[in-house]
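Here the structure comes first, spelled out in structure tokens, and everything after it is commentary.
For the single chain, residues carry numbers from 1 onward in sequence order.
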Amino acid sequence: MNKNDAPDKTFKYFTAMAEPYFSFPITYRFSLGSKLIGGGVWYPKTLINGISVGNNHGYSCGTGLSLKYDVRKHLSGIIFLDYNIQAPASHGSREYMHIMTLGAKVALRL
């Protein structure tokens with residue numbers, strides 16, 4: 001609008017995580033899933049408005065719920081809600097990132 005571009009305010013990060021996953025059958029077609037996630041997060045050095053942020057690493061943890069519906073023997077539809085907490089991107093910051101993801105997927109099992 002004003003011939004100025006907004007700066008890129010995107011954090012780039014890498015995670016390595018492991019999780020146990022539990023699935024509880026409710027009916028023949030429906031099942032409720034739950035997971036507990038733990039691992040690490042690494043932030044590469046990033047410039048935002050000329051200020052260096054990132055270049056840090058730390059722990060990350062989270063949890064999630066899912067509801068699965070088996071449409072056919074090899075086809076399922078899944079909705080999920082995940083919540084993760086990640087370590088701060090900068091050494092001096094104590095602000096943890098809280099990330100909530102609501103999504104859906106279709107799974108084809110061969």
Side-chain angles (χ1 to χ4, degrees):
M1 256 189 310
N2 59 4
K3 298 182 184 179
N4 290 327
D5 291 331
D8 183 14
K9 293 186 168 105
T10 303
F11 274 111
K12 294 178 177 74
Y13 61 89
F14 304 96
T15 58
M17 306 185 77
E19 67 184 62
Y21 179 81
F22 304 99
S23 181
F24 307 103
I26 299 171
T27 66
Y28 178 72
R29 291 184 180 253
F30 279 101
S31 62
L32 184 65
S34 176
K35 63 183 175 180
L36 185 61
I37 309 165
V41 59
W42 294 266
Y43 298 96
K45 186 176 180 181
T46 306
L47 288 176
I48 298 176
N49 292 337
I51 300 170
S52 177
V53 292
N55 201 21
N56 194 20
H57 63 280
Y59 295 107
S60 178
C61 63
T63 188
L65 290 174
S66 64
L67 181 63
K68 181 177 85 168
Y69 177 71
D70 291 326
V71 179
R72 302 255 188 252
K73 184 178 178 182
H74 297 289
L75 181 66
S76 298
I78 303 161
I79 58 172
F80 61 90
L81 179 65
D82 293 342
Y83 174 71
N84 293 328
I85 300 173
Q86 292 184 181
S90 297
H91 289 287
S93 174
R94 293 179 188 227
E95 297 178 8
Y96 283 76
M97 281 201 207
H98 300 267
I99 301 168
M100 187 170 282
T101 306
L102 175 64
K105 60 185 174 181
V106 175
L108 179 63
R109 296 182 305 269
L110 303 174

- By ring pair (Phe, Tyr, Trp, His ring centres under 6.0 Å), F80 pairs with (sequence neighbours left out) none
- Item | N84 side, atom CG; C61 side, atom SG - distance, nearest 0.5 Å | 8.0 Å
- Query: Under 4.5 Å between side-chain heavy atoms, hopping through other hydrophobics if needed: is there a path connecting F30 to V106?
  - Reply: yes
- Message: With clusters defined by side-chain heavy atoms of hydrophobic residues (ILVMFWY) lying less than 4.5 Å apart, directly or transitively, does Y69 cluster with L75?
- Response: yes
- For I85, does its backbone N or O pair with a side-chain atom of S60 as donor and acceptor, under 3.5 Å? yes
- Query: Judged by atom type as modelled, is there a donor-acceptor pair below 3.5 Å linking the side chain of T63 to the main-chain atoms of K35?
  - Reply: yes
- Message: As an exercise, state the distance from CG of L65 to CD1 of I79, rounded to the nearest 0.5 Å.
- Response: 10.5 Å
- Output the distance between atom NZ (K45) and atom CG (N55), rounded to the nearest 0.5 Å. 7.0 Å
- Query: Measuring from S31:OG to L67:CG, what's the distance to the nearest 0.5 Å?
  - Reply: 7.0 Å
- Which class fits the ring pair Y83 and H98: parallel under 30°, tilted 30 to 60°, perpendicular over 60°? parallel
- Query: With distance as the sole test, does D82 use its side chain to make a donor-acceptor pair with the main-chain N or O of G62 at under 3.5 Å?
  - Reply: no
- Other residues, nucleotides, ligands: >12 heavy atoms within 6.0 Å of Y59 OH: no
- Please walk me through it: do M97 and V41 pass side chain to side chain contact (heavy atoms under 4.5 Å, CB included)? CA-CA 11 Å; M97 281 201 207; V41 59; over 6 Å; no
- Message: Applying a strict under-4.5 Å side-chain criterion to I, L, V, M, F, W and Y, I'd like to know whether F22 and L32 cluster together.
- Response: no
- Query: Taking the side chain as C-beta and beyond, is there a heavy-atom pair between S34 and Y21 under 4.5 Å?
  - Reply: no
- Message: Tell me the closest heavy-atom pair linking R29 and V71, and the distance in Å.
- Response: NH1-O, 2.7 Å
- In this structure, which one of H57, Q86, K12 forms a side chain to side chain donor-acceptor pair (under 3.5 Å) with Y43? Q86
- Task: Just jot down the salt bridge (Lys or Arg N to Asp or Glu O under 4.0 Å) partners of R109, sequence neighbours excluded, or say none.
- Result: D70
